[in-house]
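Heads up: the structure comes next, in structure tokens.
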Amino acid sequence: MNREKSSYAVQTVEKALDILETLTEESRHATLPYLAERLELSRNKAFRLLATLESKGLVERDDASGIYRLGISSVELAQRLLNSTSLIRHAHPVMEKLARRHDEAVYIAVLKGEEVLFLDMVDCEQPIKTAPLVGKRFPFFTNAAGKAIKALESVDLLEKFLKKRGKNGSIPDPARLQSELNSVRERGFAIDVDGLGDGIVSVAVAVRDYAGKVIGALTMLGPSFRMITSRLENEIIPSLKEGAEILSLKFGYAKL
């Protein structure tokens, strides 16, 4: 009996977390019927879970439309979690300086498996800018941050990985990507065009810790009409390299 109750409790928690995860991805149509169908729940059970989350401030319901959204408590909880991580705590001041200097969005990103997770950002004040990517994941080969991190992995392991992914078709052109990653390793920075959306340019430099291990990447995003080659080469890339070096020093990395 106790096992059954325990199992039920775990399943309930899992479903509640599924609701929160769904609301981070989709809020335009997140009504009770939509969420119940999406998560394969009865409407009664979905309503009870939503009511509990709403009572804790984790979700909010628009009375006019019946649409659910993440509540202010979810945002506060996420912010406390972000602030508790040393990478973000150390990176944020560096990101703020870069964003002020160039008036472009700056992120700190990490590699999770084969995906890049954008952890934190400092936005720009430009009237035309990219949508916020905090909390979003993308395949590493679609953006500069992923390439900057992946390029510094063991060459042998990287070659084996690309061959394997090339065979199963998960990476469109592994030979081309291998060449690009070799170039990133030599130059010390990565540039990607259109990988995160048409007309979006991302630039990134890896951050290391005391053991020389890559722990993330500083990356700047902007529209292609502002992120022109001369500006990248003369202003942005030198600044990102400087910022990444300062951040790496905070983690004890000493360049030989």
Between [X] and [Y], what is the shortest heavy-atom contact and its length?
X: M121; Y: A105; value: CE-CB, 4.0 Å
X: A145; Y: A217; value: O-CB, 4.0 Å
X: A190; Y: A148; value: CB-N, 3.8 Å
X: A30; Y: L23; value: CB-CD2, 3.5 Å
X: I236; Y: M220; value: CG2-SD, 3.7 Å
X: L53; Y: A16; value: CD1-O, 4.0 Å

What's the spacing between [X] [atom1] and [Y] [atom2] if we round to 0.5 Å?
X: R48; Y: K15; atom1: CZ; atom2: NZ; value: 13.5 Å
X: C124; Y: L98; atom1: SG; atom2: CG; value: 13.0 Å
X: H92; Y: L247; atom1: NE2; atom2: CG; value: 12.5 Å
X: R43; Y: L35; atom1: CZ; atom2: CG; value: 11.0 Å
X: S202; Y: L196; atom1: OG; atom2: CG; value: 5.0 Å
X: L181; Y: I149; atom1: CG; atom2: CD1; value: 11.5 Å

*For R208 and I215, run side-chain contact (heavy atoms from CB on, under 4.5 Å): C-alpha distance rounded to whole Å, both residues' side-chain angles, the deciding distance at 0.1 Å, then the answer.*
CA-CA 5 Å; R208 298 174 182 263; I215 56 175; 5.9 Å; no
*salt bridge (charged side-chain N to carboxylate O under 4.0 Å, His left out) between E153 and K150, intermediate numbers included*: CA-CA 6 Å; E153 290 188 353; K150 203 71 174 177; 3.4 Å; yes
With no hydrogens and no angle check, is any side-chain donor or acceptor of [X] less than 3.5 Å from a backbone partner on [Y]?
X: S179; Y: R176; result: no
X: T142; Y: F138; result: no
X: N234; Y: S230; result: yes
X: S73; Y: K56; result: yes
X: D209; Y: K213; result: yes

Single-linkage hydrophobic cluster, 4.5 Å side-chain cutoff, [X] and [Y] together:
X: V193; Y: M227; answer: yes
X: L249; Y: Y210; answer: no
X: V110; Y: V184; answer: no

*Is it true that E180 and R185 have a side-chain N and a carboxylate O under 4.0 angstrom from each other?*
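No, E180 and R185 are not salt-bridged.
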*Donor-acceptor pair between N182 and Q178 side chains, under 3.5 angstrom*: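 Their side chains do contain a donor-acceptor pair, which is all the 3.5 Å distance test asks for.
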_Quiz item: cation-pi between K136 and F118, 6.0 Å / 45°_ =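 That pair does not qualify as a cation-pi contact.
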*Assess R187 against F189: is NZ or CZ under 6.0 Å from the centre of the six-membered ring, and within 45 degrees of the ring's axis?*
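Output yes; distance and angle both within limits.
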Student check: side-chain heavy atoms of [X] and [Y] closer than 4.5 Å:
X: Y107; Y: L119; value: no
X: V201; Y: I228; value: no
X: V214; Y: V207; value: no
X: I128; Y: R226; value: yes
X: I19; Y: L39; value: yes
X: D103; Y: E125; value: yes
X: I237; Y: V205; value: no
X: T31; Y: Y68; value: no

_Criterion side-chain hydrogen bond (donor to acceptor under 3.5 Å, both in side chains) on S239 and R101, from CA distance to verdict_ = CA-CA 9 Å; S239 286; R101 183 183 301 173; 3.0 Å; yes
_Verdict with reasoning, F251 to H90, per side-chain contact (heavy atoms from CB on, under 4.5 Å)_ = CA-CA 9 Å; F251 288 92; H90 288 309; 3.7 Å; yes
*Test log, rule salt bridge (charged side-chain N to carboxylate O under 4.0 Å, His left out), inputs R231 and E104*: CA-CA 12 Å; R231 185 179 180 224; E104 299 291 354; 2.9 Å; yes
*Heavy-atom count around E37 CD within 6.0 Å, excluding the residue itself: above 12?*
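For E37, atom CD is not crowded (no more than 12 foreign heavy atoms under 6.0 Å).
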*For atom NZ of K129, decide whether the heavy atoms of other residues, nucleotides or ligands shown that lie under 6.0 angstrom number more than 12.*
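Yes, because the 6.0 Å sphere around NZ of K129 holds more than 12 heavy atoms from other groups.
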*Going through the distances and angles, do V106 and T219 end up as a side-chain contact (heavy atoms from CB on, under 4.5 Å)?*
CA-CA 6 Å; V106 181; T219 183; over 6 Å; no
*Verify side-chain contact (heavy atoms from CB on, under 4.5 Å) between D62 and R69, making sure each step is shown before the conclusion.*
CA-CA 8 Å; D62 183 86; R69 299 182 180 86; 3.6 Å; yes
